[in-house]
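Just so we're clear, the structure is a prediction, and the values are computed from it rather than from any experiment. Each chain gets a letter, A, B and so on, in the order its sequence line appears, and its residues count up from 1.
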2 protein chains.
Amino acid sequence: MKDNNDMPGHLARRFQQIAVAVFLAEVGDAGFDMTPVQYAALATIKANPGLDQVTLAGLIAYDRTTITGVIDRLVQKGLAERRASRRDRRARELEVTDEGKRTLRKITPAVESAQRIMLRGLSAKEGEELMRLLHKAIAAGNELSRAPLREVQA
Amino acid sequence: MKDNNDMPGHLARRFQQIAVAVFLAEVGDAGFDMTPVQYAALATIKANPGLDQVTLAGLIAYDRTTITGVIDRLVQKGLAERRASRRDRRARELEVTDEGKRTLRKITPAVESAQRIMLRGLSAKEGEELMRLLHKAIAAGNELSRAPLREVQA
DNA sequence: TACTGATAGTCAGCATACTGAGCAATATCG
DNA sequence: CGATATTGCTCAGTATGCTGACTATCAGTA
């Protein structure tokens with residue numbers, strides 16, 4: 001009888017659950033109110049100023065319907081801006097505000113600390129191996145979800 | 001500049017995202033409408049007939065407030081029953097119905113197929129190593145989430 | 001036994017995620 | 001050019017997951 005705990009799907013869920021809890025705890029202790037999803041979106045906007053929502057979704061593998069709400073909240077907190085594009089009036093160009101940049105700078109240590117904590121049961125070598133295997137499994141399954149990773153076109 | 005894709009938290013999210021999509025696709029193709037969370041709950045009730053909701057939550061590491069809705073849906077589909085306990089009038093005893101048992105039997109091949117697909121990018125050895133590392137990381141982080149795994153007391 | 005604390009379950013509220021539908025704008029092709 | 005297809009975004013609806021609060025009940029103790 002196969003136990004739930006021997007199923008990769010169940011382990012995936014539990015690891016993610018812990019990862020989110022650790023992230024929120026570290027970031028919260030540092031005095032910030034931001035989710036992992038919001039952080040990834042904000043950091044990606046900063047690295048690609050002026051990108052549109054679909055491109056952002058592709059870069060971090062979010063569903064396009066999820067991005068809408070995430071950006072709503074970043075905008076509402078004053079960390080990002082959403083402007084109509086002039087080249088394509090359907091699209092919204094995204095920018096990080098000055099306060100968003102300040103927040104990103106100050107929050108980074110807590111984010112990095114969270115990444116260490118969620119691997120604290122593993123040696124450095126095991127941690128790297130886990131990352132490698134996750135990468136490989138994800139690459140093979142990328143197209144199986146509605147929100148696959150998409151590279152930017154040059 | 002550390003990329004999102006080098007952060008274990010982000011990889012955890014993506015792997016889980018793919019795992020859920022694969023599960024829903026396989027189970028849906030087999031003609032069933034069940035989520036990974038519902039499946040784990042139903043299978044665990046079947047393996048521990050008469051258990052209460054808090055114990056169930058501990059066995060699969062769900063939050064107790066999440067369990068309520070999951071069981072609501074299992075009951076609504078006619079797959080499980082919720083009865084008041086006679087020993088403790090606060091508690092609800094959970095059972096799998098006959099149809100729930102039939103469903104579990106018939107759905108198992110699709111569930112196992114999903115587990116294989118989500119590891120299809122890895123060799124058998126790599127798949128086992130990924131499971132081992134996830135187990136180890138999860139064990140170390142178990143107490144960091146609000147819904148840790150709890151063993152049953154004998 | 002009365003008081004205190006802990007426990008089982010639910011609920012409201014918020015934040016992902018997804019399905020499917022729809023609108024507006026752009027791209028493509030006959 | 002005009003019909004059609006595609007694309008960017010949003011919205012309604014559903015299902016996790018969590019925080020925090022609340023009720024009912026139970027357990028332990030003075």
Starting from C1' on D:dT7, measure out to CZ on A:Arg150 and report it in whole angstrom. 14 Å
What nucleotide, of C:dA8, C:dC18, D:dA15, holds the atom closest to the side chain of B:Val54? C:dA8
Does A:Asp52 come within less than 4.0 Å of A:Arg90, counting only side-chain N to carboxylate O? no
Starting at the 5' end of DNA chain C and moving along, which residue's nearest nucleotide shows up first, A:Lys77 or B:Thr65? B:Thr65
Rounding to an integer number of Å, can you tell me how far B:Arg87 CZ sits from C:dG9 P? 11 Å
Working to the nearest 0.5 angstrom, can you tell me the gap between B:Asn5 CG and A:His135 NE2? 5.0 Å
Quick check for you: among D:dC9, C:dT10, D:dA15, whose closest atom lies nearest to any side-chain atom of B:Gln38? D:dA15
Integer-rounded Å distance: C:dT7 P and B:Leu56 CG: 18 Å
Among residues 12-20 of chain B, which contact DNA chain C at a heavy-atom distance under 4.0 Å? B:Arg13, B:Gln17
Test: B:Arg132 and A:Glu126 ion pair at under 4.0 Å: yes
A:Arg92 CZ - D:dT10 C1' separation (whole Å): 8 Å
Between A:Glu143 and A:Arg150, is the closest basic N to carboxylate O distance under 4.0 Å? yes
Contact list for residues 17-44 of chain B, test salt bridge (charged side-chain N to carboxylate O under 4.0 Å, His left out), sequence neighbours left out: none
Give the nucleotide from the list C:dT16, C:dA21, C:dA8 with an atom nearest to the side chain of B:Arg90. C:dA8
Interatomic distance where CG belongs to A:Asp88 and C1' belongs to C:dA24 [whole Å]: 10 Å
Minimum side-chain heavy-atom gap B:Thr103-B:Lys77 below 4.5 Å: no
Please check the phosphate of D:dT10 (OP1 and OP2 only) for any side-chain N or O of A:Gln53 closer than 4.0 Å. yes
Please confirm whether the shortest side-chain N or O distance from B:Thr68 to OP1 or OP2 of C:dT10 is below 4.0 Å. yes
Are B:Val22 and A:Met7 joined in one hydrophobic group, where the rule is that I, L, V, M, F, W and Y side chains link up if heavy atoms are under 4.5 Å apart? no
Residue pair B:Ala147/B:Arg64 against DNA chain D: nearer the 5' end by closest nucleotide is B:Ala147
Which part of the nucleic acid does A:Asp52 contact within heavy-atom distance under 4.0 Å: base, sugar-phosphate only, or nothing? sugar-phosphate
Just how far, in rounded Å, is P of D:dC9 from CZ of A:Arg82? 9 Å
Which part of the nucleic acid does B:Arg89 contact within heavy-atom distance under 4.0 Å: base, sugar-phosphate only, or nothing? sugar-phosphate
Below 4.0 angstrom, N of the basic side chain to O of the carboxylate: do A:Glu95 and A:Lys101 qualify? no
Whole angstrom value for the distance that separates C1' of D:dT19 from CZ of B:Arg146: 6 Å
In whole angstroms, how far is the P atom of D:dC18 from the CG atom of A:Asp33? 17 Å
B:Asp63 near the nucleic acid: base, sugar-phosphate alone, or nothing, with a heavy-atom cut-off under 4.0 Å? base
Across the strands shown, which category fits B:Thr35 at heavy-atom distances under 4.0 angstrom: base, sugar-phosphate, nothing? sugar-phosphate
